[in-house]
Amino acid sequence: MKVRVLEAEYEDPYYNLAVEEAIPIAVGRGLVDPTLRFWRNRNAVVIGRFQCPELEVNLKLAAEKGVRVVRRFTGGGAVYHDMGNVNYALSLRSEQNPDMRAYFEKVGNSVAAGLNRLAGPGFSYVPLNDIAYKESKVSGLAASIGEGYIFVHGALLANVDLNLLSSVLRPPPEKFEGKAVRSVAKRVVNLSEIANRILSFEEIADAIIEGFKEVMGFEPYRAELSEEEKKIADQLYKEKYSTLDWSLGSLTLCPTTPEERELIRKVSLGKRGDERGAHQSNWVAKVKGGKIGKGIRILCPTGCGLGHDNGRLLHGTARGTR
Amino acid sequence: MITGDFFMEPPEVLDELMVRLKGLPVDQVPAHVKEFLEAKKPIMVGVSADDFVTAFQKAITSGDKETID
């Protein structure tokens, strides 16, 4: 399969996420070939589609440290990004109802194969959506299925500031209504620590491409973002990613307090953002005056985030059964 | 409000679920959640319809009022 390889990254994390969604849309419409994108973000926490920023992020610290908070269009858990991360994103055309798990496995095995070439052996895909080096997690995956496409992306810890990562991501609270089982902890590790040297963005990307060639039979070629994709990204940026409406989660209706809302305004607005929806966030699934007002939080069985605290991953309360 | 690190496609199903639950007596919520998810058949990875039902049951048990606000 011919696969276009892009290295497309931008200063504005909101635009980076707009491009992230524009590419699979273009692939699904048949405007461009299947695409593997590599990119990085400046300091940012990227939260999952169904997450509330105030539950996942230490907003006060994020505001102090200049860490932006961005909601992405895929599910899964919050991840911390800085320039020590290598983000990869695969957009493929797909049939109706593709098997998301199968694509997690294909992408996970491909990336692990590439890392084994670069700094292994010892890297492997760990279901549901992890890539690990021995017992330590180095990357997490998320996915989405849209019109004509299947999309899988991941964040790889290459040389990330793990101290800031651990302090800016909030672990799930120990006591939370609807929570069935206790938190799990996993180690996370930087690729540079495993390799005993700083690995460049380019050599990591090249190794991952080799992994995709080996596992999925890709025939890669280099290209740029198309004009159609730029137009889609511009529109997504203006109407979605740079708005407080999207960052706050107007659709998931997060339980934001006025103080948290003010902090989110500080850390979440894109350069051209507006405040549409800033006053629309209210609780929906709460019982009047009852304890259920704290909401329903449903988490993956082994945790789908990429958090860290003193060498331990805390951002993964077991909850689901699949 | 339903939040978490799960995967659901299409994501709009979750929004629709929340709208459907508004104003329902809480004792009817778990059955409605299950019925709704089984009818809509969203692609869910990381969780199942039963996980949603369990979460609502636990939340309702710890609450003390009668309707979803």
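Just so it is clear, the values below take in all heavy atoms, side chains as well, and ignore hydrogens, waters and symmetry mates. Below, chain A is the first sequence line, B the second, and so on; all start at residue 1. Small disclaimer: the values here were computed from a predicted structure and weren't measured.
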Asks: Supply the atom-to-atom distance M8(B) CE to M100(A) CE, rounded to the nearest 0.5 angstrom.
Replies: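 M8(B) atom CE to M100(A) atom CE measures 11.0 Å (nearest 0.5 Å).
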Asks: Which value, rounded to the nearest 0.5 Å, describes the distance between L128(A) atom CG and F7(B) atom CZ?
Replies: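 Rounded to the nearest 0.5 Å, the CG-CZ separation comes to 6.5 Å.
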Asks: Of the non-hydrogen atoms in G4(B) and Q51(A), which two are nearest, and what is the gap between them?
Replies: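 Smallest interatomic distance, heavy atoms only, reads O-CG, 3.3 Å.
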Asks: Does a sphere of radius 6.0 Å around CD in Q28(B) hold more than 12 heavy atoms from other residues, nucleotides or ligands, not counting ones at 6.0 Å or beyond?
Replies: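 Atom CD in Q28(B) is crowded, with more than 12 foreign heavy atoms closer than 6.0 Å.
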Asks: So, using side-chain contact (heavy atoms from CB on, under 4.5 Å) as the criterion, who are the partners of E105(A) when residues are at least two apart?
Replies: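 E105(A) satisfies side-chain contact (heavy atoms from CB on, under 4.5 Å) with N109(A), Y125(A) once adjacent residues are dropped.
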Asks: If you take all heavy atoms of E9(B) and A143(A), which pair is closest and at what distance?
Replies: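 The pair with the smallest heavy-atom distance is OE2-O, 3.9 Å.
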Asks: Applying side chain to side chain contact (heavy atoms under 4.5 Å, CB included), run through F50(A) and L14(B) and close with a yes or a no.
Replies: CA-CA 9 Å; F50(A) 305 113; L14(B) 193 69; 3.4 Å; yes
Asks: Side chain to side chain donor-acceptor pair (under 3.5 Å) with T74(A): which residues, sequence neighbours excluded?
Replies: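 Checked T74(A) against side chain to side chain donor-acceptor pair (under 3.5 Å); matches are R72(A), H153(A).
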Asks: Can you tell me how far apart CD1 (I47(A)) and CG (D5(B)) are? Round to the nearest 0.5 Å.
Replies: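 One finds 12.0 Å between CD1 of I47(A) and CG of D5(B).
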Asks: With rounding to the nearest 0.5 angstrom, report the CD1 to CD1 distance, I43(B) to I145(A).
Replies: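 Those atoms lie 3.5 Å apart.
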